[in-house]
Amino acid sequence: MGKKEDFLASTINGLVGNFKMHHPRLTLAELEKAGLVTEIQNIYKMIGGICESFPINYRWDIQHQDFILELDEELHFNRYRLMTLDSAVYVNYPYFSVENYKSYCKKYEDKCLMAGSYGGRWKNESTERYFLPSGPNGKLDGNGSSRWRQRAFYDYLKDIHSLVRGTKVIRVSIYDKFNGEQLKYILEAQDKRKLKMYLTGIFEKYQIKHA
């Protein structure tokens, strides 16, 4: 975990208790039963997937008994994530503002580039195996980044997880605002009072018991 995520997790524990739960990844059988394989395969191919079968290998940020919470920082907002957000699964999607996320992808891709144009943030052995081979570091024209594509796809699968399993997979972005202030700055300042107020509003919205 990074500093922002550590602070977020500790504050959440103070509100809902320290009970953590392991939420296993979806299986292909579950996706087939839900009738989502074709839709997922189409998105996978659209964002540069090159294998016959799409990978299912995502990891969670913060897991608790009643919900999962994902903190989306700079690397999560770019053209590939924007493409996934046009999937039919996001019609009336409940656990984050899809329109806000689309705007973040358009507005803050330069921040993603500053944070993720090198090393393993641009490509690695796994991402090159499942997605188009990356272009030169930092060059988004052409093939761009296989790691960015993978991250966008796994975020998409995590959102589908909530629909298939009925688990509340709540997304918060560093660009979300609380009383006019971006969450990024609340986390960086480690302002526990503001963060508790922000989280309380989220927990009440999604009917999660809290202190």
Side-chain angles (χ1 to χ4, degrees), residues 1-5 25-26 28 31-32 36-61 70-91 93 95-164 169 171-176 182-184 188:
M1 287 187 181
K3 289 184 179 180
K4 294 187 188 71
E5 191 176 325
R25 293 188 292 264
L26 290 167
L28 183 59
L31 295 173
E32 289 173 342
L36 290 170
V37 170
T38 298
E39 176 71 8
I40 296 170
Q41 187 72 16
N42 288 342
I43 293 291
Y44 173 62
K45 294 294 185 180
M46 184 174 67
I47 65 170
I50 58 175
C51 293
E52 183 176 343
S53 301
F54 53 82
I56 307 174
N57 195 31
Y58 52 89
R59 296 179 180 178
W60 301 114
D61 288 345
E70 293 286 299
L71 173 63
D72 292 330
E73 300 188 57
E74 289 88 351
L75 295 173
H76 293 263
F77 299 101
N78 53 62
R79 61 193 64 190
Y80 309 122
R81 180 57 166 143
L82 181 62
M83 293 167 72
T84 69
L85 293 171
D86 281 330
S87 170
V89 304
Y90 290 109
V91 175
Y93 191 82
Y95 296 120
F96 66 94
S97 169
V98 176
E99 290 307 309
N100 281 353
Y101 265 52
K102 286 182 176 180
S103 72
Y104 299 157
C105 288
K106 296 173 185 176
K107 185 176 181 180
Y108 295 115
E109 187 176 65
D110 62 327
K111 304 293 186 184
C112 184
L113 191 60
M114 289 174 63
S117 62
Y118 56 88
R121 293 185 170 194
W122 188 255
K123 65 180 180 180
N124 60 46
E125 183 179 340
S126 173
T127 64
E128 296 285 284
R129 186 185 315 124
Y130 288 104
F131 294 88
L132 289 170
S134 299
N137 284 3
K139 184 176 175 58
L140 289 172
D141 294 336
N143 284 4
S145 165
S146 61
R147 179 66 182 101
W148 289 22
R149 295 176 190 272
Q150 182 196 61
R151 183 180 294 104
F153 184 66
Y154 286 167
D155 280 351
Y156 174 60
L157 288 182
K158 289 177 181 180
D159 296 338
I160 287 175
H161 184 110
S162 71
L163 302 177
V164 174
V169 180
R171 288 194 176 278
V172 297
S173 164
I174 59 170
Y175 303 122
D176 290 341
Q182 282 188 348
L183 179 60
K184 174 182 179 178
E188 287 178 347

Are the aromatic ring centres of Tyr104 and Tyr175 under 6.0 angstrom apart? yes
Only one of Arg25, His161, Lys158, Arg151 passes side-chain hydrogen bond (donor to acceptor under 3.5 Å, both in side chains) with Tyr58, and that residue is His161
Return yes if some donor-acceptor pair links the side-chain N/O of Glu39 with the main-chain N/O of Ala88 below 3.5 Å, else return no. yes
Can you spot which of Leu183, Asp61, Asp72 makes a side-chain contact (heavy atoms from CB on, under 4.5 Å) with Val172? Leu183
Which heavy atom of Arg147 sits nearest to which heavy atom of Asn124, and what is that distance? CD-ND2, 3.9 Å
Between Thr127 (side chain) and Lys123 (backbone), is there a donor-acceptor pair under 3.5 Å? no
Does a donor on one side chain sit under 3.5 Å from an acceptor on the other, for Tyr93 and Ser162? yes
Taking the side chain as every heavy atom from C-beta outward, state whether Arg79 and Glu109 have any pair of such atoms under 4.5 Å apart. yes
Rounded to the nearest 0.5 Å, what separation is found between the OH atom of Tyr80 and the CG atom of Leu85? 15.0 Å
If you look at every heavy atom in Gln182 and Ile174, which pair is closest and at what distance? CB-O, 3.7 Å
Minimum side-chain heavy-atom gap Phe153-Ile40 below 4.5 Å: yes
For Trp148 and Gly116, indicate whether the former's side chain and the latter's backbone hold a donor-acceptor pair under 3.5 Å. yes
Do Tyr44 and Phe131 make the cut of ring centroids closer than 6.0 angstrom? yes
Between CD1 on residue Ile43 and OH on residue Tyr156, distance to nearest 0.5 Å: 4.5 Å
Near Met46 CE, under 6.0 Å, is it more than 12 heavy atoms from other residues, nucleotides or ligands? yes
Taking the side chain as every heavy atom from C-beta outward, state whether Phe54 and Gln41 have any pair of such atoms under 4.5 Å apart. yes
Checking side-chain contact (heavy atoms from CB on, under 4.5 Å) against Asp159, which of Phe96, Tyr154, Tyr95 comes through? Phe96
Work out which heavy atom in Ala115 is nearest to a heavy atom in Arg121; give both atom names and the distance. O-NH1, 2.7 Å
Side chain of Asp176, backbone of Ser173: donor and acceptor closer than 3.5 Å? yes
Using 30° and 60° as the class boundaries, would you call the ring planes of Phe77 and Tyr101 parallel, tilted or perpendicular? perpendicular
Value rounded to 0.5 Å, distance of OG1 in Thr84 from CG in Asp155: 7.5 Å
Identify all side-chain donor-acceptor contacts of residues 133-144 below 3.5 Å with residues at least two apart in sequence or on another chain.
unit_1	atom_1	unit_2	atom_2	d
Ser134	OG	Glu128	OE2	2.8
Ser134	OG	Ser146	N	2.8
Ser134	OG	Ser146	OG	2.9
Asn143	ND2	Pro133	O	2.8

Intermediate values then yes/no, side chain to side chain contact (heavy atoms under 4.5 Å, CB included), Glu73 and Lys184: CA-CA 8 Å; Glu73 300 188 57; Lys184 174 182 179 178; over 6 Å; no
Output for pair (Leu36 CG, Leu26 CG), nearest 0.5 Å, gives 9.0 Å
Rounded to the nearest 0.5 Å, how far does NZ of Lys45 lie from CD of Glu52? 7.5 Å
Closest non-hydrogen contact found for Tyr130 with Cys51 is CD2-SG, 3.6 Å
Considering non-hydrogen atoms only, spot the tightest contact between Ile56 and Leu28 and give its length. CD1-N, 4.0 Å
How many angstroms lie between CD in Gln150 and CD1 in Ile47, if you round to the nearest 0.5 Å? 9.5 Å
